[in-house]
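Report on the following structure.
Reckoned from all heavy atoms, side chains included, excluding hydrogens, waters and symmetry mates.
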Protein chains: 2
Amino acid sequence: MCELLGMSANVPTDICFSFTGFLNRGGGTGPHRDGWGIAFYEEGGYRDFRDPHPSVRSPIARLICDYPIKSHIVISHIRQANVGKVTLANTHPFTREMWGRPWCYAHNGQLSGWEALPLSFYRPVGSTDSEHAFCWLMGELRQRFPDPVDDCQRLWQTVHSLCERLRSLGVFNLLLADGQYLYTYCSTKLAHITRKAPFGEANLSDAEVLVNFAEHTTPNDVVSVVATEPLTDNESWVRMLPGELLVWHDGHIVARYLAPDAEVVSS
Amino acid sequence: MCELLGMSANVPTDICFSFTGFLNRGGGTGPHRDGWGIAFYEEGGYRDFRDPHPSVRSPIARLICDYPIKSHIVISHIRQANVGKVTLANTHPFTREMWGRPWCYAHNGQLSGWEALPLSFYRPVGSTDSEHAFCWLMGELRQRFPDPVDDCQRLWQTVHSLCERLRSLGVFNLLLADGQYLYTYCSTKLAHITRKAPFGEANLSDAEVLVNFAEHTTPNDVVSVVATEPLTDNESWVRMLPGELLVWHDGHIVARYLAPDAEVVSS
(Lines give C-alpha, C1' and ligand atoms only; values in the text may rest on other atoms or scores of the structure.)
Protein backbone atom coordinates (compact mmCIF):
# COMPACT_ATOMS: atom_id res chain seq x y z
CA MET A 1 0.00 0.00 0.00
CA CYS A 2 1.00 3.59 -0.58
CA GLU A 3 0.68 6.64 1.62
CA LEU A 4 -0.97 9.96 0.92
CA LEU A 5 -0.32 13.49 2.19
CA GLY A 6 -2.41 16.55 1.33
CA MET A 7 -2.64 20.16 2.47
CA SER A 8 -5.18 22.95 2.11
CA ALA A 9 -4.35 26.41 3.49
CA ASN A 10 -5.72 29.94 3.36
CA VAL A 11 -2.25 31.45 2.97
CA PRO A 12 0.64 30.18 0.86
CA THR A 13 2.24 27.69 3.21
CA ASP A 14 5.20 25.38 2.90
CA ILE A 15 4.77 21.72 3.71
CA CYS A 16 8.37 21.13 4.80
CA PHE A 17 7.46 20.00 8.34
CA SER A 18 4.86 17.41 7.33
CA PHE A 19 6.83 16.31 4.29
CA THR A 20 9.93 15.68 6.42
CA GLY A 21 8.02 13.09 8.44
CA PHE A 22 6.18 11.73 5.44
CA LEU A 23 9.23 11.13 3.27
CA ASN A 24 10.91 9.16 6.03
CA ARG A 25 8.22 6.55 5.43
CA GLY A 26 9.56 6.16 1.89
CA GLY A 27 12.17 3.54 2.70
CA GLY A 28 12.98 4.88 6.19
CA THR A 29 10.38 4.13 8.88
CA GLY A 30 8.03 2.69 6.23
CA PRO A 31 8.25 0.18 3.37
CA HIS A 32 7.27 2.57 0.56
CA ARG A 33 10.42 2.36 -1.55
CA ASP A 34 8.92 2.48 -5.02
CA GLY A 35 8.94 6.18 -5.75
CA TRP A 36 7.32 9.34 -4.50
CA GLY A 37 5.91 12.59 -5.81
CA ILE A 38 4.62 15.94 -4.64
CA ALA A 39 2.49 18.54 -6.42
CA PHE A 40 2.07 22.22 -5.61
CA TYR A 41 -0.52 24.76 -6.71
CA GLU A 42 0.93 28.24 -6.72
CA GLU A 43 -0.87 31.39 -7.95
CA GLY A 44 -2.97 29.53 -10.50
CA GLY A 45 0.00 27.46 -11.65
CA TYR A 46 0.91 23.87 -10.97
CA ARG A 47 4.10 21.88 -10.70
CA ASP A 48 5.02 18.48 -9.46
CA PHE A 49 8.22 16.68 -8.58
CA ARG A 50 8.30 12.93 -9.04
CA ASP A 51 11.05 10.38 -8.59
CA PRO A 52 10.82 6.60 -9.05
CA HIS A 53 13.38 6.09 -6.25
CA PRO A 54 12.92 5.85 -2.45
CA SER A 55 12.10 9.30 -1.07
CA VAL A 56 14.36 8.89 1.94
CA ARG A 57 17.42 8.85 -0.32
CA SER A 58 16.15 11.17 -3.06
CA PRO A 59 18.12 14.39 -3.63
CA ILE A 60 14.95 15.90 -5.13
CA ALA A 61 13.03 15.10 -1.94
CA ARG A 62 15.79 16.70 0.12
CA LEU A 63 15.53 19.80 -2.05
CA ILE A 64 11.76 20.00 -1.36
CA CYS A 65 12.52 19.92 2.38
CA ASP A 66 15.19 22.59 2.10
CA TYR A 67 13.53 24.87 -0.48
CA PRO A 68 10.20 25.92 0.98
CA ILE A 69 7.64 26.17 -1.84
CA LYS A 70 4.61 28.06 -0.57
CA SER A 71 1.30 26.78 -1.79
CA HIS A 72 -2.46 26.75 -1.06
CA ILE A 73 -2.86 23.11 -2.03
CA VAL A 74 -0.34 20.26 -1.92
CA ILE A 75 -0.73 16.60 -2.83
CA SER A 76 2.01 14.05 -2.14
CA HIS A 77 2.32 10.29 -2.46
CA ILE A 78 4.86 7.63 -1.59
CA ARG A 79 4.51 4.37 -3.39
CA GLN A 80 4.72 0.71 -2.54
CA ALA A 81 4.01 -0.83 -5.92
CA ASN A 82 1.30 -3.40 -6.44
CA VAL A 83 -0.03 -2.90 -10.00
CA GLY A 84 2.52 -1.57 -12.51
CA LYS A 85 6.31 -1.55 -12.59
CA VAL A 86 8.46 0.89 -10.62
CA THR A 87 8.92 3.52 -13.32
CA LEU A 88 8.48 7.25 -13.66
CA ALA A 89 5.29 6.75 -15.71
CA ASN A 90 3.72 4.89 -12.77
CA THR A 91 4.75 7.45 -10.15
CA HIS A 92 1.99 9.55 -8.56
CA PRO A 93 0.65 12.21 -8.54
CA PHE A 94 -0.90 12.16 -12.00
CA THR A 95 -2.19 15.26 -13.73
CA ARG A 96 -4.54 16.19 -16.57
CA GLU A 97 -5.90 19.51 -17.76
CA MET A 98 -9.68 20.03 -17.73
CA TRP A 99 -11.44 23.41 -18.22
CA GLY A 100 -8.01 25.09 -18.41
CA ARG A 101 -7.24 23.87 -14.89
CA PRO A 102 -4.54 21.39 -13.93
CA TRP A 103 -6.19 18.54 -12.01
CA CYS A 104 -3.96 16.46 -9.78
CA TYR A 105 -4.61 13.01 -8.36
CA ALA A 106 -2.99 10.49 -6.04
CA HIS A 107 -4.44 7.14 -4.99
CA ASN A 108 -3.80 4.70 -2.20
CA GLY A 109 -5.25 1.23 -2.54
CA GLN A 110 -5.85 -1.44 -5.13
CA LEU A 111 -8.76 -2.06 -7.50
CA SER A 112 -10.15 -5.16 -9.25
CA GLY A 113 -11.73 -5.06 -12.68
CA TRP A 114 -10.35 -1.57 -13.30
CA GLU A 115 -9.40 -2.46 -16.89
CA ALA A 116 -13.12 -2.45 -17.76
CA LEU A 117 -13.63 1.19 -16.72
CA PRO A 118 -14.28 2.90 -20.09
CA LEU A 119 -11.97 5.74 -21.13
CA SER A 120 -12.90 8.76 -23.26
CA PHE A 121 -10.93 12.01 -23.27
CA TYR A 122 -8.02 10.88 -21.14
CA ARG A 123 -5.77 7.86 -21.48
CA PRO A 124 -3.14 6.54 -19.11
CA VAL A 125 0.57 6.97 -19.87
CA GLY A 126 1.66 4.25 -17.44
CA SER A 127 0.22 0.87 -16.50
CA THR A 128 -1.29 1.32 -13.02
CA ASP A 129 -4.88 0.77 -11.89
CA SER A 130 -4.55 4.20 -10.23
CA GLU A 131 -3.91 6.18 -13.41
CA HIS A 132 -6.56 4.23 -15.33
CA ALA A 133 -9.09 5.09 -12.61
CA PHE A 134 -8.01 8.74 -12.75
CA CYS A 135 -8.49 8.88 -16.53
CA TRP A 136 -11.91 7.26 -16.15
CA LEU A 137 -12.93 9.64 -13.36
CA MET A 138 -11.82 12.73 -15.30
CA GLY A 139 -13.49 11.48 -18.49
CA GLU A 140 -16.77 10.90 -16.62
CA LEU A 141 -16.60 14.37 -15.10
CA ARG A 142 -15.84 15.96 -18.46
CA GLN A 143 -18.70 14.17 -20.19
CA ARG A 144 -21.14 15.40 -17.54
CA PHE A 145 -19.58 18.86 -17.19
CA PRO A 146 -18.03 19.94 -20.51
CA ASP A 147 -17.55 23.40 -18.98
CA PRO A 148 -16.96 24.65 -15.45
CA VAL A 149 -20.16 24.83 -13.41
CA ASP A 150 -21.39 27.43 -10.96
CA ASP A 151 -23.31 24.74 -9.09
CA CYS A 152 -20.41 23.22 -7.19
CA GLN A 153 -22.67 20.95 -5.15
CA ARG A 154 -23.72 19.10 -8.30
CA LEU A 155 -20.10 18.63 -9.33
CA TRP A 156 -19.04 17.49 -5.87
CA GLN A 157 -21.92 15.03 -5.60
CA THR A 158 -20.78 13.58 -8.91
CA VAL A 159 -17.20 13.30 -7.65
CA HIS A 160 -18.54 11.49 -4.59
CA SER A 161 -20.64 9.04 -6.60
CA LEU A 162 -17.70 8.30 -8.94
CA CYS A 163 -15.49 7.67 -5.89
CA GLU A 164 -18.14 5.36 -4.47
CA ARG A 165 -18.11 3.44 -7.73
CA LEU A 166 -14.32 3.06 -7.47
CA ARG A 167 -14.56 2.01 -3.82
CA SER A 168 -16.83 -0.81 -4.94
CA LEU A 169 -13.85 -2.15 -6.93
CA GLY A 170 -11.51 -2.40 -3.94
CA VAL A 171 -9.59 0.07 -1.81
CA PHE A 172 -9.75 3.65 -3.02
CA ASN A 173 -8.33 6.39 -0.82
CA LEU A 174 -7.99 9.54 -2.88
CA LEU A 175 -6.49 13.00 -2.97
CA LEU A 176 -7.73 15.11 -5.87
CA ALA A 177 -7.38 18.84 -6.59
CA ASP A 178 -8.31 21.32 -9.28
CA GLY A 179 -6.29 24.28 -8.00
CA GLN A 180 -9.25 25.74 -6.11
CA TYR A 181 -10.47 22.81 -4.06
CA LEU A 182 -8.83 19.79 -2.48
CA TYR A 183 -10.97 16.64 -2.47
CA THR A 184 -10.17 13.87 0.00
CA TYR A 185 -12.07 10.61 -0.18
CA CYS A 186 -11.68 7.79 2.30
CA SER A 187 -12.12 4.14 1.53
CA THR A 188 -10.16 2.67 4.44
CA LYS A 189 -7.64 5.13 5.85
CA LEU A 190 -7.31 8.91 5.89
CA ALA A 191 -6.96 11.28 8.82
CA HIS A 192 -6.92 15.06 9.00
CA ILE A 193 -6.04 17.91 11.31
CA THR A 194 -6.72 21.65 11.08
CA ARG A 195 -4.23 24.01 12.68
CA LYS A 196 -5.29 27.57 13.49
CA ALA A 197 -4.81 30.12 16.27
CA PRO A 198 -3.91 29.58 19.02
CA PHE A 199 -1.11 27.55 17.42
CA GLY A 200 0.81 25.07 19.48
CA GLU A 201 3.69 22.64 19.16
CA ALA A 202 3.69 19.53 17.01
CA ASN A 203 6.03 16.58 17.21
CA LEU A 204 6.64 14.33 14.18
CA SER A 205 6.07 10.60 14.66
CA ASP A 206 8.58 9.60 11.96
CA ALA A 207 11.50 11.93 12.66
CA GLU A 208 12.91 13.75 15.66
CA VAL A 209 11.45 17.10 14.74
CA LEU A 210 9.40 19.41 16.95
CA VAL A 211 7.93 22.63 15.59
CA ASN A 212 6.19 25.50 17.34
CA PHE A 213 3.71 26.71 14.73
CA ALA A 214 3.13 29.92 16.71
CA GLU A 215 6.58 31.04 15.56
CA HIS A 216 5.80 30.49 11.87
CA THR A 217 2.22 31.71 11.48
CA THR A 218 -0.07 34.72 11.81
CA PRO A 219 -3.30 34.59 13.86
CA ASN A 220 -5.43 34.35 10.69
CA ASP A 221 -3.69 31.32 9.19
CA VAL A 222 -5.70 28.14 8.73
CA VAL A 223 -3.74 25.11 7.56
CA SER A 224 -5.22 21.63 7.24
CA VAL A 225 -3.25 18.46 6.62
CA VAL A 226 -4.65 15.12 5.48
CA ALA A 227 -2.62 11.91 5.61
CA THR A 228 -3.03 8.16 5.46
CA GLU A 229 -1.82 7.98 9.06
CA PRO A 230 -1.42 10.87 11.54
CA LEU A 231 2.01 12.44 11.13
CA THR A 232 2.34 13.82 14.66
CA ASP A 233 2.04 12.08 18.00
CA ASN A 234 0.89 14.97 20.23
CA GLU A 235 -2.14 16.28 18.31
CA SER A 236 -5.69 15.02 17.79
CA TRP A 237 -6.22 13.88 14.21
CA VAL A 238 -9.72 13.10 12.94
CA ARG A 239 -10.09 9.81 11.09
CA MET A 240 -12.37 9.89 8.05
CA LEU A 241 -15.19 7.38 7.55
CA PRO A 242 -15.30 4.83 4.73
CA GLY A 243 -17.21 6.45 1.86
CA GLU A 244 -16.66 9.99 3.14
CA LEU A 245 -15.69 12.79 0.77
CA LEU A 246 -14.45 16.10 2.15
CA VAL A 247 -14.08 19.19 -0.01
CA TRP A 248 -11.50 21.65 1.30
CA HIS A 249 -11.01 25.31 0.47
CA ASP A 250 -8.54 27.65 2.17
CA GLY A 251 -7.95 25.14 4.96
CA HIS A 252 -11.66 24.74 5.73
CA ILE A 253 -14.04 21.87 5.02
CA VAL A 254 -16.67 23.39 2.71
CA ALA A 255 -18.63 20.23 1.94
CA ARG A 256 -18.94 16.70 3.29
CA TYR A 257 -20.57 13.71 1.62
CA LEU A 258 -21.05 10.35 3.27
CA ALA A 259 -21.84 6.91 1.90
CA PRO A 260 -25.51 6.56 0.80
CA ASP A 261 -26.36 4.47 3.85
CA ALA A 262 -25.24 7.28 6.16
CA GLU A 263 -26.65 10.76 6.75
CA VAL A 264 -25.37 13.28 4.16
CA VAL A 265 -24.23 16.50 5.80
CA SER A 266 -22.89 19.37 3.76
CA SER A 267 -22.25 22.97 4.62
CA MET B 1 12.73 36.67 -26.48
CA CYS B 2 13.26 33.33 -24.82
CA GLU B 3 15.81 30.61 -25.49
CA LEU B 4 15.32 26.96 -26.29
CA LEU B 5 17.41 23.85 -25.65
CA GLY B 6 16.57 20.35 -26.84
CA MET B 7 18.28 16.97 -26.94
CA SER B 8 17.70 13.68 -28.76
CA ALA B 9 19.95 10.70 -28.02
CA ASN B 10 20.11 6.98 -28.74
CA VAL B 11 21.18 6.17 -25.18
CA PRO B 12 19.92 7.68 -21.94
CA THR B 13 22.10 10.76 -21.65
CA ASP B 14 22.29 13.55 -19.13
CA ILE B 15 22.17 17.13 -20.35
CA CYS B 16 24.23 18.58 -17.49
CA PHE B 17 26.96 20.00 -19.77
CA SER B 18 24.65 21.83 -22.18
CA PHE B 19 22.27 22.87 -19.41
CA THR B 20 25.12 24.41 -17.41
CA GLY B 21 25.83 26.81 -20.26
CA PHE B 22 22.18 27.33 -21.09
CA LEU B 23 21.05 28.23 -17.59
CA ASN B 24 23.75 30.87 -17.30
CA ARG B 25 21.78 32.76 -19.93
CA GLY B 26 18.87 32.89 -17.48
CA GLY B 27 19.94 36.08 -15.75
CA GLY B 28 23.70 35.43 -16.05
CA THR B 29 25.18 36.02 -19.50
CA GLY B 30 21.67 36.57 -20.93
CA PRO B 31 18.59 38.62 -20.04
CA HIS B 32 16.17 35.71 -19.61
CA ARG B 33 15.21 36.27 -15.98
CA ASP B 34 11.54 35.37 -16.08
CA GLY B 35 11.64 31.68 -15.29
CA TRP B 36 12.89 28.47 -16.78
CA GLY B 37 11.90 24.86 -17.15
CA ILE B 38 13.25 21.51 -18.28
CA ALA B 39 11.43 18.31 -19.25
CA PHE B 40 12.80 14.77 -19.41
CA TYR B 41 11.44 11.64 -21.04
CA GLU B 42 12.63 8.55 -19.20
CA GLU B 43 11.56 4.96 -19.97
CA GLY B 44 8.13 5.97 -21.26
CA GLY B 45 7.61 8.42 -18.42
CA TYR B 46 7.80 12.18 -18.32
CA ARG B 47 8.69 14.79 -15.75
CA ASP B 48 9.45 18.46 -15.83
CA PHE B 49 10.95 20.97 -13.45
CA ARG B 50 9.78 24.56 -13.74
CA ASP B 51 10.58 27.66 -11.74
CA PRO B 52 9.31 31.20 -12.32
CA HIS B 53 12.62 32.61 -11.04
CA PRO B 54 15.93 33.27 -12.87
CA SER B 55 17.64 29.97 -13.63
CA VAL B 56 21.07 31.24 -12.68
CA ARG B 57 19.97 31.60 -9.03
CA SER B 58 17.49 28.70 -8.90
CA PRO B 59 18.29 25.90 -6.42
CA ILE B 60 16.16 23.58 -8.58
CA ALA B 61 18.31 24.41 -11.62
CA ARG B 62 21.45 23.73 -9.59
CA LEU B 63 20.00 20.37 -8.62
CA ILE B 64 19.44 19.50 -12.30
CA CYS B 65 23.12 20.27 -12.96
CA ASP B 66 24.30 18.18 -10.02
CA TYR B 67 21.84 15.27 -10.30
CA PRO B 68 22.30 13.78 -13.76
CA ILE B 69 18.91 12.62 -15.06
CA LYS B 70 19.47 10.34 -18.05
CA SER B 71 16.99 10.73 -20.86
CA HIS B 72 16.43 10.12 -24.58
CA ILE B 73 14.67 13.42 -25.12
CA VAL B 74 15.01 16.70 -23.23
CA ILE B 75 13.29 20.05 -23.79
CA SER B 76 14.30 23.17 -21.88
CA HIS B 77 13.33 26.83 -22.00
CA ILE B 78 14.43 30.04 -20.33
CA ARG B 79 11.97 32.88 -20.47
CA GLN B 80 12.09 36.58 -21.11
CA ALA B 81 8.43 37.44 -20.76
CA ASN B 82 6.53 39.32 -23.44
CA VAL B 83 2.92 38.06 -23.32
CA GLY B 84 1.70 36.95 -19.87
CA LYS B 85 2.90 37.68 -16.33
CA VAL B 86 5.91 36.04 -14.72
CA THR B 87 4.11 33.19 -12.96
CA LEU B 88 4.42 29.45 -12.72
CA ALA B 89 1.38 28.98 -14.99
CA ASN B 90 3.19 30.89 -17.76
CA THR B 91 6.47 28.99 -17.41
CA HIS B 92 7.46 26.62 -20.23
CA PRO B 93 7.59 23.76 -21.10
CA PHE B 94 3.87 23.00 -21.28
CA THR B 95 2.50 19.50 -21.42
CA ARG B 96 -0.71 17.72 -22.42
CA GLU B 97 -1.57 14.04 -22.78
CA MET B 98 -2.69 12.76 -26.20
CA TRP B 99 -3.01 9.06 -27.17
CA GLY B 100 -1.72 8.13 -23.70
CA ARG B 101 1.53 9.95 -24.43
CA PRO B 102 2.78 13.03 -22.63
CA TRP B 103 3.44 15.74 -25.24
CA CYS B 104 5.79 18.53 -24.28
CA TYR B 105 6.17 21.95 -25.89
CA ALA B 106 8.33 25.04 -25.58
CA HIS B 107 8.14 28.13 -27.78
CA ASN B 108 10.44 31.02 -28.53
CA GLY B 109 8.93 34.05 -30.25
CA GLN B 110 5.80 36.14 -30.24
CA LEU B 111 2.54 35.81 -32.16
CA SER B 112 -0.16 38.27 -33.26
CA GLY B 113 -3.83 37.38 -33.47
CA TRP B 114 -3.23 34.19 -31.48
CA GLU B 115 -6.41 34.75 -29.45
CA ALA B 116 -8.43 33.85 -32.56
CA LEU B 117 -6.89 30.36 -32.88
CA PRO B 118 -9.87 28.09 -32.04
CA LEU B 119 -9.50 25.68 -29.12
CA SER B 120 -11.13 22.27 -28.79
CA PHE B 121 -9.84 19.50 -26.51
CA TYR B 122 -7.14 21.49 -24.74
CA ARG B 123 -7.34 24.83 -22.97
CA PRO B 124 -4.56 26.98 -21.59
CA VAL B 125 -3.97 27.21 -17.84
CA GLY B 126 -1.92 30.42 -18.09
CA SER B 127 -2.21 33.53 -20.24
CA THR B 128 0.59 33.28 -22.81
CA ASP B 129 0.35 33.26 -26.60
CA SER B 130 2.68 30.24 -26.41
CA GLU B 131 0.37 27.98 -24.40
CA HIS B 132 -2.68 29.06 -26.42
CA ALA B 133 -0.83 28.11 -29.62
CA PHE B 134 0.15 24.76 -28.05
CA CYS B 135 -3.46 23.99 -27.12
CA TRP B 136 -4.57 24.92 -30.65
CA LEU B 137 -1.85 22.79 -32.24
CA MET B 138 -2.63 19.76 -30.10
CA GLY B 139 -6.38 20.18 -30.66
CA GLU B 140 -5.86 20.34 -34.44
CA LEU B 141 -3.68 17.22 -34.35
CA ARG B 142 -6.21 15.36 -32.21
CA GLN B 143 -9.10 16.26 -34.50
CA ARG B 144 -7.19 14.95 -37.52
CA PHE B 145 -5.65 11.97 -35.70
CA PRO B 146 -7.99 10.77 -32.93
CA ASP B 147 -5.72 7.73 -32.55
CA PRO B 148 -2.00 7.12 -33.09
CA VAL B 149 -1.13 6.59 -36.74
CA ASP B 150 1.25 4.16 -38.40
CA ASP B 151 1.80 6.65 -41.22
CA CYS B 152 4.19 9.00 -39.44
CA GLN B 153 4.85 11.02 -42.59
CA ARG B 154 1.23 12.15 -42.68
CA LEU B 155 1.38 13.19 -39.01
CA TRP B 156 4.68 15.00 -39.45
CA GLN B 157 3.50 16.84 -42.55
CA THR B 158 0.50 18.01 -40.53
CA VAL B 159 2.78 19.19 -37.71
CA HIS B 160 4.78 21.10 -40.31
CA SER B 161 1.76 22.76 -41.88
CA LEU B 162 0.41 23.75 -38.43
CA CYS B 163 3.81 25.24 -37.58
CA GLU B 164 3.79 27.15 -40.86
CA ARG B 165 0.38 28.54 -39.93
CA LEU B 166 1.78 29.73 -36.58
CA ARG B 167 4.88 31.20 -38.25
CA SER B 168 2.51 33.31 -40.36
CA LEU B 169 1.37 34.94 -37.09
CA GLY B 170 4.85 36.08 -36.04
CA VAL B 171 7.95 34.39 -34.68
CA PHE B 172 7.51 30.71 -33.87
CA ASN B 173 10.57 28.66 -32.97
CA LEU B 174 9.42 25.39 -31.47
CA LEU B 175 10.55 22.33 -29.55
CA LEU B 176 7.89 19.62 -29.35
CA ALA B 177 8.11 15.97 -28.26
CA ASP B 178 5.83 12.99 -27.80
CA GLY B 179 8.28 10.72 -25.98
CA GLN B 180 9.35 8.97 -29.20
CA TYR B 181 10.25 11.86 -31.45
CA LEU B 182 11.63 15.35 -30.94
CA TYR B 183 10.29 17.96 -33.35
CA THR B 184 12.25 21.16 -33.90
CA TYR B 185 10.79 23.89 -36.05
CA CYS B 186 12.63 27.07 -36.98
CA SER B 187 11.04 30.41 -37.64
CA THR B 188 14.05 32.65 -37.08
CA LYS B 189 16.68 30.97 -34.89
CA LEU B 190 17.60 27.39 -34.06
CA ALA B 191 20.91 25.57 -34.46
CA HIS B 192 21.87 21.95 -33.97
CA ILE B 193 24.86 19.70 -33.58
CA THR B 194 25.19 15.90 -33.60
CA ARG B 195 27.96 14.35 -31.54
CA LYS B 196 29.08 10.81 -32.30
CA ALA B 197 32.33 8.82 -32.49
CA PRO B 198 35.05 9.93 -32.73
CA PHE B 199 34.08 12.24 -29.87
CA GLY B 200 36.11 15.34 -29.17
CA GLU B 201 36.25 18.20 -26.74
CA ALA B 202 33.64 20.91 -26.41
CA ASN B 203 33.96 24.28 -24.74
CA LEU B 204 30.94 26.16 -23.42
CA SER B 205 30.42 29.71 -24.66
CA ASP B 206 28.54 30.82 -21.51
CA ALA B 207 30.61 29.25 -18.73
CA GLU B 208 34.20 28.21 -18.24
CA VAL B 209 33.57 24.53 -18.79
CA LEU B 210 35.44 22.19 -21.14
CA VAL B 211 34.35 18.58 -21.56
CA ASN B 212 35.98 15.69 -23.40
CA PHE B 213 33.00 13.64 -24.58
CA ALA B 214 35.31 10.70 -25.38
CA GLU B 215 35.59 10.16 -21.61
CA HIS B 216 31.81 10.00 -21.09
CA THR B 217 30.54 8.03 -24.08
CA THR B 218 30.73 4.72 -25.88
CA PRO B 219 31.52 4.48 -29.62
CA ASN B 220 27.86 3.82 -30.48
CA ASP B 221 26.42 6.89 -28.76
CA VAL B 222 24.69 9.50 -30.89
CA VAL B 223 23.63 12.67 -29.09
CA SER B 224 22.12 15.69 -30.83
CA VAL B 225 21.56 19.07 -29.23
CA VAL B 226 19.36 21.86 -30.60
CA ALA B 227 19.49 25.40 -29.22
CA THR B 228 18.46 28.93 -30.09
CA GLU B 229 22.15 29.86 -30.29
CA PRO B 230 25.13 27.49 -30.40
CA LEU B 231 26.22 26.61 -26.87
CA THR B 232 29.86 25.84 -27.63
CA ASP B 233 32.50 27.94 -29.36
CA ASN B 234 34.74 25.22 -30.81
CA GLU B 235 32.27 23.07 -32.73
CA SER B 236 30.36 23.49 -36.00
CA TRP B 237 26.66 23.97 -35.36
CA VAL B 238 24.17 23.85 -38.25
CA ARG B 239 21.66 26.69 -38.39
CA MET B 240 18.13 25.72 -39.39
CA LEU B 241 16.24 27.50 -42.18
CA PRO B 242 13.08 29.55 -41.62
CA GLY B 243 10.14 27.17 -42.12
CA GLU B 244 12.25 24.05 -41.57
CA LEU B 245 10.94 21.19 -39.42
CA LEU B 246 13.30 18.44 -38.30
CA VAL B 247 12.04 15.20 -36.74
CA TRP B 248 14.62 13.53 -34.49
CA HIS B 249 14.76 9.97 -33.23
CA ASP B 250 17.62 8.46 -31.22
CA GLY B 251 19.86 11.41 -32.05
CA HIS B 252 19.28 11.16 -35.80
CA ILE B 253 17.25 13.35 -38.13
CA VAL B 254 14.57 11.01 -39.53
CA ALA B 255 12.57 13.57 -41.50
CA ARG B 256 13.00 17.09 -42.77
CA TYR B 257 10.31 19.43 -44.09
CA LEU B 258 10.98 22.82 -45.61
CA ALA B 259 8.75 25.80 -46.35
CA PRO B 260 6.47 25.21 -49.38
CA ASP B 261 8.56 27.50 -51.57
CA ALA B 262 11.63 25.32 -50.98
CA GLU B 263 12.39 21.74 -51.98
CA VAL B 264 10.91 19.23 -49.51
CA VAL B 265 13.41 16.55 -48.56
CA SER B 266 12.52 13.76 -46.20
CA SER B 267 14.13 10.46 -45.41
Using non-hydrogen atoms and a 4.5 Å limit, figure out which bit of [X] sits close to chain A: side chain, backbone, both or neither.
| X | result |
| --- | --- |
| I60(B) | both |
| P59(B) | both |
| D51(B) | both |

Identify the two heavy atoms, one from [X] and one from [Y], that lie closest to each other, and give their separation to 0.1 Å.
| X | Y | result |
| --- | --- | --- |
| N10(A) | V222(A) | OD1-N, 2.8 Å |
| G139(A) | Y122(A) | N-CD1, 3.8 Å |
| Q180(A) | H249(A) | O-ND1, 2.9 Å |

Problem - Ring center gap for F49(B) and W36(B) short of 6.0 angstrom - result: no
Exercise for the section: Determine whether the aromatic ring centres of F172(A) and H107(A) lie less than 6.0 Å apart. Expected result: yes
Practice task
Using distance alone, with no hydrogens and no angle criterion, decide if W156(B) and Y183(B) have a side-chain donor and acceptor under 3.5 Å apart.
Solution key: yes
If we define contacts as heavy-atom pairs under 4.5 Å, which of [options] has the most with chain A?
| options | result |
| --- | --- |
| E97(B), R96(B), E43(B), R101(B) | E97(B) |
| T95(B), L88(B), V125(B) | L88(B) |
| E131(B), R142(B), M98(B) | R142(B) |

Practice task
Tell me, for Y67(A) versus chain B, whether the close heavy atoms (under 4.5 Å) come from the side chain, the backbone, both or neither.
Solution key: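 Just the side chain, heavy atoms under 4.5 Å.
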